[in-house]
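The next block holds one structure in the form of structure tokens; read it before the comments.
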Amino acid sequence: MSPLSWNLILALVWAAITGNFSGANLLVGFGLGYLILGFALRDVPDFARYREKMPRVLMLLTHFLRDLLVSNLRVAYDVLTPTHYMRPAVVAVPLRAKTDGAITILANMISLTPGTLSLDVSSDRSVLYLHVMYLDNEDDLRKQIHKLEDRVLAVLE
Amino acid sequence: MINDLLVSVMMVAGTFFMFLAGIGVLRMPDLLMRLHATTKAGTLGAGLVMLAVATHFLDAGVTARTLAIILFILLTAPVAAHAIGRAGYFVGVPLWDKMLKDDLKDRYDPDTHILHNPDDDKNP
Amino acid sequence: MLQSAIFLSYLLLSLALLGALVRLVRGPTLPDRVVALELMASLTVAFIGIYALNNDRPAFLDVAMVLALTAFLTAVGFARYLEKGGHRGDQ
């Protein structure tokens, strides 16, 4: 059984013992289960990797939520003021992610982060076509996408 | 009391973003930019409203359902945007004349619907 | 306070619906209308959420869930239809 399912079972056990199945209590149980697994089974390779992976997932999530908020504020400003400041373009960005899952997650996150919308992936899966709302510098954009790609790949590997 | 305050703030913030999505879809100059407005603002808005609902009821069943709705919107909104944007390209929707560049131009094969990458131009 | 927040939310959502409706009527192309319809669907999901909150009826959330599901299917279906060479707008 995978470390994640063990952790989920521990969360359920915690909820059953405390007799409270609310979302917050399940989260507490998950956190406690994570600590217990990370400490008690730190010598088992599978669990050691799991312990390192969890903070990365959290990082990805917090970055994602912050980006979602920032992107909305920027679009909000442009929508509400009478002049359009947009500098739109469709840009091709090379992809390193090869699996369907990684490309899907990356494309979805790109669509929900500042000023970028993923339009399509070339049929040989080597290039991702993005629509950008504010194109200042193409290289900066590529670097930004690469950083996001690194974070996604770090979680999926 | 505190709970009510939290619910009110999240609900008004969420609906404000949805309001922005409505204005955006009305004011943006072309299809792709309208997609920007609806995917981002619509997702964040609906997510915040659903979080407000979960906070108001504080019940396991309701929380599970709201989380399911949020997860579902997060997964489907970008996919729908991709499908519509791609379809827009195929039917030749007019794009804003102030576009800086368009890498996607002429990359679709109109018959086979294969999308080429930029390297194909150099060695066809 | 919660009541006035609910009222304000209803107002904002109605204005957004109005904006989407104008875009739906004005077009100018079919994909534009599909975008407007999709936005209206997610606006309705939020509407149902606030209605459930206002009336203390969590059962309405099931409706919101099904609506979110079908709206996605509609958008994808329309996109598919357009791509396979359907009717291309109406200018």
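Residue numbering restarts at 1 for every chain, and letters A, B, ... go by the order of the sequence lines.
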Taking atom [atom1] of [X] and atom [atom2] of [Y], what is their separation to the nearest 0.5 Å?
| X | Y | atom1 | atom2 | value |
| --- | --- | --- | --- | --- |
| Leu119(A) | Ile84(B) | CG | CD1 | 11.5 Å |
| Leu73(A) | Leu44(B) | CG | CG | 8.5 Å |
| Leu130(A) | Leu32(B) | CG | CG | 11.5 Å |
| His131(A) | Asp30(B) | NE2 | CG | 5.5 Å |

Please determine, among Val121(A), Leu69(A), Leu117(A), the option with the most heavy-atom pairs under 4.5 Å with chain B.
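Option with the greatest count: Leu117(A).
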Proximity breakdown for [X] and chain A, heavy-atom pairs closer than 4.5 Å:
| X | answer |
| --- | --- |
| Leu58(B) | neither |
| Leu75(B) | both |
| Ala41(B) | both |

Counting C-beta onward and ignoring hydrogens, is there a side-chain heavy-atom pair between Leu112(A) and Thr43(B) closer than 4.5 Å?
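In short, these two side chains touch, coming nearer than 4.5 Å.
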Are Pro88(A) and Met33(B) side-chain neighbours, meaning at least one heavy-atom pair lies under 4.5 Å?
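With C-beta onward as the side chain, the pair touches.
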Could you walk me through whether Asn108(A) and Val79(B) pass the side chain to side chain contact (heavy atoms under 4.5 Å, CB included) test, one step at a time?
CA-CA 7 Å; Asn108(A) 274 18; Val79(B) 178; 3.9 Å; yes
Flag, side chain of Lys40(B) to backbone of Thr116(A), donor-acceptor distance under 3.5 Å
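Looks like yes, one N/O pair under 3.5 Å.
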